[in-house]
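Dumping the structure here so I can ask a few things about it.
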Amino acid sequence: MNSQNAVIPQLNNKNVQQIKTNTKMKNVIITSFILALVLSSCADKSQAPAAPAPPLLPVLAITSENTTTDAEYPASIQGTVDVEIRPQVSGNLERVFVDEGAYVNKGQTLFKINERPFREQLNNALASLHAYEAALINAQLEVDKLTPLVQNKVVSDYQLKTAKASQKIAAANIEQAKAMVGSARINLGYTNVTAPVSGYIGRLPKKQGSLVSATDVEPLTNLSDVHEVFAYFSLGETDFINFKAQYAGNSLGDKLKKLPPVTLILADNNSYPQTGKIDMVDGQFDKTTGAITLRATFPNAGGTLRSGNTGRIRLGLQHDDAVLVPQSATVEMQDKVFVFTVNKENKVTKMPITVSGKSGTNYIIKDGVKSGDQIVLSGIDKLQDGQAIQPEKSSPAKVAQIINKK
């Protein structure tokens with residue numbers, strides 16, 4: 001029993017020593033782990049990136065100045081004279097002396113209608129005239145014969161009066177015959193169709209041998225005098241009011257005399273080399289469209305323009321003290337135009353603006369910003385409302401450079 005008891009205490013002492021050793025090792029491991037976590041946390045904090053600096057962006061102070069805007073209006077072009085060439089008499093088209101698109105001079109023969117029926121009508125009218133002239137001679141002879149007999153009371157006065165009445169009838173018949181001769185001559189002349197003005201021939205739907213009539217729906221051709229051309233365009237009521245307000249003068253006629261030249265933009269988007277002059281304003285507005293028609297006249301000595309051409313009239317309008325913003329400094333979203341204004345704290349605000357027109361590369365601003373406000377000039381595609389920036393003042397040269405890059 002004693003030996004057994006002596007062994008047991010020895011085993012308990014070893015176990016206790018082993019337990020103490022294990023406890024110390026665990027404490028060391030836990031302490032090392034905590035220290036590693038602390039060191040790792042400190043390392044993460046020392047390696048965390050600093051907050052990014054506000055972007056450096058060019059800004060522009062908005063100014064107001066006098067400027068001109070160009071407004072364009074669709075225009076239709078016509079020659080100073082556009083006429084339909086129609087036959088005045090019916091008959092067979094005997095000759096066609098011109099070709100489509102040819103230039104003809106005033107009085108030049110274009111078509112020849114068979115004249116034989118009309119020449120015979122003239123001959124018949126002349127024969128009737130000669131017969132009536134002979135009847136007048138007979139009536140005059142009868143009057144001459146009866147006059148002395150009545151004076152000598154050989155015959156009654158009634159016979160002389162009857163003879164004088166017959167004389168007047170014969171004279172009237174002559175006048176009527178002369179009118180018939182004149183009408184026949186006119187109809188004969190109508191068989192020779194000539195150009196009423198100088199100009200260019202249009203299409204020729206009727207060919208040689210065709211039967212033509214004055215009642216035909218389609219003309220023989222069209223003739224356009226285009227040494228000058230008229231460009232017709234329309235202005236709405238608001239545009240017309242602004243248009244009239246631009247120029248001095250007590251009457252519309254006075255204003256027209258002071259209007260600057262206008263430019264014609266052709267269908268290929270190139271400008272016609274010669275400027276025109278507005279010389280006519282319609283007397284009333286169109287009730288259907290609510291617009292009024294204006295006419296600009298352009299010289300066309302080279303025949304570049306023809307009737308039926310289309311284009312656009314570019315009209316310049318003056319604006320005094322207009323607020324200008326470069327188009328490149330704006331952004332469009334959902335049919336609205338915005339700029340980014342910069343406040344005193346260098347924070348940006350997305351501001352909607354109302355555009356009233358364009359002047360070169362600038363918008364003319366009606367509402368939203370005013371002269372003196374600062375706006376971001378470029379780099380606006382990545383800006384957020386309320387974001388801070390570092391403003392960079394832009395010189396005129398740099399502004400021009402930024403705008404030209406857009």
message: Does Asp373 form a side-chain hydrogen bond (donor to acceptor under 3.5 Å, both in side chains) with Thr341? I'd like the steps, not just the answer.
response: CA-CA 7 Å; Asp373 288 348; Thr341 60; over 6 Å; no

- prompt: Side chains of Asn346 and Gln390: closer than 4.5 Å at any heavy-atom pair?
  reply: no

- prompt: Between Asp279 and Arg295, does at least one N-O distance fall below 4.0 Å, as a salt bridge requires?
  reply: yes

task: Show the numbers, then the answer: is there a side chain to side chain contact (heavy atoms under 4.5 Å, CB included) between Asn66 and Asp321?
output: CA-CA 5 Å; Asn66 297 338; Asp321 295 327; 3.9 Å; yes

- request: Return yes when atom NZ of Lys164 has more than 12 non-hydrogen atoms of other residues, nucleotides or ligands closer than 6.0 Å, and no otherwise.
  value: no

message: If you count heavy atoms of other groups shown closer than 6.0 angstrom to NZ of Lys207, is the number above 12?
response: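 More than 12 heavy atoms, drawn from other residues, nucleotides or ligands, come within 6.0 Å of this atom.
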
query: With Phe340, which of Thr330, Ile380, Val59 fulfils side chain to side chain contact (heavy atoms under 4.5 Å, CB included)?
result: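 Among the candidates, only Ile380 passes.
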
field: Phe240 and Phe285 aromatic centres sub-6.0 Å
entry: yes

- prompt: Which heavy atom in Pro299 sits nearest to a heavy atom in Gln274, and how many Å separate them?
  reply: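 Looking at all heavy atoms of both residues, the closest pair is CG-OE1, 3.1 Å.
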
Just list the side-chain donor-acceptor pairs under 3.5 Å for residues 89-107, sequence neighbours left out, or say none.
{"residue": "Ser90", "atom": "OG", "partner": "Ser213", "partner atom": "OG", "Å": "3.1"}
{"residue": "Glu100", "atom": "OE2", "partner": "Arg203", "partner atom": "NE", "Å": "3.4"}
{"residue": "Glu100", "atom": "OE2", "partner": "Leu204", "partner atom": "N", "Å": "2.8"}

query: Are Gln176 and Asn173 close enough that some pair of their side-chain heavy atoms sits under 4.5 Å apart?
result: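 A side-chain contact exists here, since the closest heavy-atom pair is under 4.5 Å.
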
message: Run Arg306 and Asn300 through side-chain hydrogen bond (donor to acceptor under 3.5 Å, both in side chains) and show every step you take.
response: CA-CA 9 Å; Arg306 299 293 179 93; Asn300 188 40; over 6 Å; no

field: Approximate separation, where rounding is to 0.5 Å, of Tyr200 OH and Asp225 CG
entry: 10.0 Å

query: Looking at CG of Leu223 and CG of Leu220, how far apart are the two atoms once the value is rounded to the nearest 0.5 Å?
result: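 Reported to 0.5 Å precision, the distance equals 12.0 Å.
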
query: Are Val348 and Ile389 side-chain neighbours, meaning at least one heavy-atom pair lies under 4.5 Å?
result: yes

query: Do you know which two heavy atoms are closest between Tyr232 and Thr293, and how far apart they sit?
result: CD2-CG2, 4.0 Å

- prompt: Can you check side chain to side chain contact (heavy atoms under 4.5 Å, CB included) on Gln284 and Lys287, steps first, answer last?
  reply: CA-CA 9 Å; Gln284 60 184 4; Lys287 294 181 180 179; 6.0 Å; no

- request: Search all heavy atoms of Leu160 against all heavy atoms of Val143 and return the closest pair with its distance.
  value: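 Scanning both residues completely, I find the closest heavy atoms to be CD1-O, 3.8 Å.
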
- request: Find out whether Lys350 and Gln387 are in side-chain contact, i.e. whether some heavy atom of one side chain is under 4.5 Å from a heavy atom of the other.
  value: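 Answer no - side chains too far apart.
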
CA sep, side-chain torsions, deciding dist, call: Leu252, Lys244, side chain to side chain contact (heavy atoms under 4.5 Å, CB included): CA-CA 8 Å; Leu252 189 56; Lys244 290 194 300 180; 4.1 Å; yes

- request: Please step through side chain to side chain contact (heavy atoms under 4.5 Å, CB included) for the pair Leu122 and Val181, ending with a clear verdict.
  value: CA-CA 6 Å; Leu122 175 59; Val181 169; 3.9 Å; yes

message: Quick check on Lys347: does its NZ atom have over 12 non-hydrogen neighbours (other residues, nucleotides or ligands) under 6.0 Å away?
response: no

Interatomic spacing from CD in Glu65 to OG in Ser371 - rounded to 0.5 Å: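 Atom-to-atom, Glu65:CD and Ser371:OG are 10.0 Å apart.
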
task: Look up atom CG in Asn270 and atom CD1 in Ile265, then write down how far apart they are to the nearest 0.5 Å.
output: 8.5 Å

message: Measuring only between side-chain heavy atoms, which start at C-beta, is Leu266 closer than 4.5 Å to Leu264?
response: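 Yes; the side chains approach each other to less than 4.5 Å.
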
message: Measuring only between side-chain heavy atoms, which start at C-beta, is Val83 closer than 4.5 Å to Asn222?
response: no

query: What pair of heavy atoms forms the shortest contact from Gly79 to Asp82, and how long is it?
result: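 Looking at all heavy atoms of both residues, the closest pair is N-OD2, 3.2 Å.
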
query: Are any of the side-chain heavy atoms of Val337 and Val331 separated by less than 4.5 Å?
result: no

message: I'd like to know whether CG of Asp381 has more than 12 heavy-atom contacts from other residues, nucleotides or ligands below 6.0 angstrom.
response: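 Result for CG/Asp381: enclosed.
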
task: Of all the heavy-atom pairs spanning Leu136 and Ala171, show the shortest one and how long it is.
output: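 Nearest heavy atoms, Leu136 then Ala171: CD1-N, 3.8 Å.
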
field: Thr80 versus Val229, closest heavy-atom pair with distance
entry: CG2-N, 4.3 Å

statement: Interatomic distance, CD1@Ile353 vs CD1@Ile365, rounded to 0.5 Å, equals 3.5 Å

message: Return the CZ to CG distance between Arg86 and Asp216, rounded to the nearest 0.5 Å.
response: 7.5 Å

